[in-house]
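Written out below as structure tokens is the structure these notes cover.
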Amino acid sequence: LGFGPENISTYGGAIDSMYFVILALTGITFIGVELALVVFMIQYRQGSGARVRGDVEGNNKLELLWTAIPAGLMALVAFGGQSLWATIRDPNAIPDDAVPIEVSARQFAWDIRYTGPDGKFGKTKTKLITEENPFGLDPEDAAGKDDIISDSIMCVPVGRAVKVSITSKDVIHSFFLPNVRIKQDAVPGMTVDIWFQVTKTTNQALEEWKKAKTAAKSIEQVTREVAMGLLVTSAEAISGKGEEIVGADSLIIDVETCQKIKAAGVKQLKVYPDFDFQIVCAELCGNAHFKMKGTLKVETLADFEQWLKDNAPS
Ligand SMILES: [Cu+2]
């Protein structure tokens, strides 16, 4: 319904709808109450001569009504959201075939662990935790030999459920995937499981976004924006020649490239800034909290398996 960033999770749409219903209920109530306040302020302002008539001690009917209506609305919201809450947060609702992933938060990054080919996480010991061994993997345990550890990049397969077990090594953080509509506190000494399933890959989202949202800009404007720090990772020429420069894959366009593009005769182009789904920390956790970001890479199952292989311990 247009709140927040694009939804890419199976249950995100239901959360957005519920968000809208609650916003509508509370919004209408807010406007009604504020309007009544303003009307009474004007009506009974000093010097208006207006006086409250009769007894203001109490009106049982009115009091019953304004207690019953909010209570009813609250109950409606609570019961209406119950099944959605259960789908998302009931540990028994986590699909059995979900890909297991562990997340351990620290100031100011996310350590992420996969089981590796054996499907088992190796044993860990808190006292073995170091910068090089962020999970404290026990070298004695064979199950841990193939565990894959990634710093702040979480790769997940599209269309498959993923189970994430979240904890923290230092202070309370909050693991937040805005596009997936999931947020869970990362608490030291405690592990909480969440799950989600993503409906489109990063590449699909990027292609759709390119089609829908990108307007052509003049080469002069692009040069200015790049000079000011916009990171452009691909572009498309609209008029003039220069396809060979602009069309190159995984090209980072800097001011110098802009000048080349201009010299080649391109007057207008569409530029595509760097695009990724983000992992953010939603709990003020220290002085670099704002930098505590990660990347959620959504790949096809084949590319996900390739990513695991590429990141396997050597
Ligand atoms: Cu944090």
Side-chain angles (χ1 to χ4, degrees), residues 3-9 11-12 15-16 19 85 88-91 94 98-115 121-138 144 147-157 161-198 202 205 229 231 273-299 304 307-308 311 313:
F3 294 110
E6 183 186 4
N7 164 47
I8 56 162
S9 103
Y11 52 63
I15 294 179
D16 287 357
Y19 196 94
W85 175 255
I88 300 169
R89 305 312 293 255
D90 182 351
I94 300 176
V99 178
I101 303 177
E102 280 188 5
V103 167
S104 176
R106 72 179 139 92
Q107 290 172 317
F108 297 94
W110 306 96
D111 293 312
I112 294 158
R113 177 159 82 129
Y114 296 79
T115 60
F121 287 115
K123 283 203 190 79
T124 57
K125 284 182 180 157
T126 311
K127 62 180 178 196
L128 294 175
I129 292 177
T130 59
E131 234 169 88
E132 292 74 39
N133 186 2
F135 282 88
L137 265 177
D138 184 351
D147 285 13
I148 295 157
I149 289 170
S150 160
D151 183 353
S152 302
I153 297 175
M154 176 185 276
C155 187
V156 301
V162 172
K163 173 187 164 186
V164 188
S165 307
I166 300 163
T167 190
S168 168
K169 279 191 276 293
D170 38 43
V171 299
I172 300 176
H173 301 269
S174 180
F175 179 78
F176 181 28
L177 301 176
N179 301 90
V180 181
R181 309 289 193 264
I182 188 94
K183 190 189 274 172
Q184 170 61 48
D185 273 6
V187 184
M190 193 174 152
T191 302
V192 182
D193 294 342
I194 55 142
W195 79 276
F196 59 86
Q197 183 170 326
V198 175
T202 302
L231 183 64
D274 202 16
F275 178 91
D276 262 315
F277 297 125
Q278 284 190 336
I279 305 171
V280 284
C281 182
E283 184 83 60
L284 185 57
C285 58
N287 57 9
H289 159 70
F290 68 98
K291 283 204 295 193
M292 190 162 168
K293 276 190 282 199
T295 302
L296 175 71
K297 275 164 78 84
V298 188
E299 301 281 13
F304 168 67
W307 183 87
L308 290 178
N311 287 277

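Quick note: numbers below take in every heavy atom, side chains included, and nothing from hydrogens, waters or symmetry partners. Positions are given from 1 along the sequence. This is a predicted model, so every value here is computed, not measured. All ligand and atom numbering here is 1-based and tracks the order in the structure.
Geometry about the Cu ion (ligand 1) gives an angle of 120° between SG of C281 and ND1 of H173, rounded in steps of 10 degrees.
Under 2.8 Å from the Cu ion (ligand 1) lies an N/O/S atom of M292, whether from backbone or side chain. Contact annotation: H289 places no N, O or S atom under 2.8 Å from the Cu ion (ligand 1).
When the options L177, D193, I166 are evaluated for a side-chain contact (heavy atoms from CB on, under 4.5 Å) with Q184, the one that passes is I166.
Judged purely by atom type and a 3.5 angstrom limit, D276 has no side-chain atom pairing as donor or acceptor with the backbone of T295.
Annotation for K169: atom NZ counts as buried by contact number, over 12 foreign heavy atoms lying within 6.0 Å.
Salt bridge D151/R106: present, at least one basic N to carboxylate O contact under 4.0 Å.
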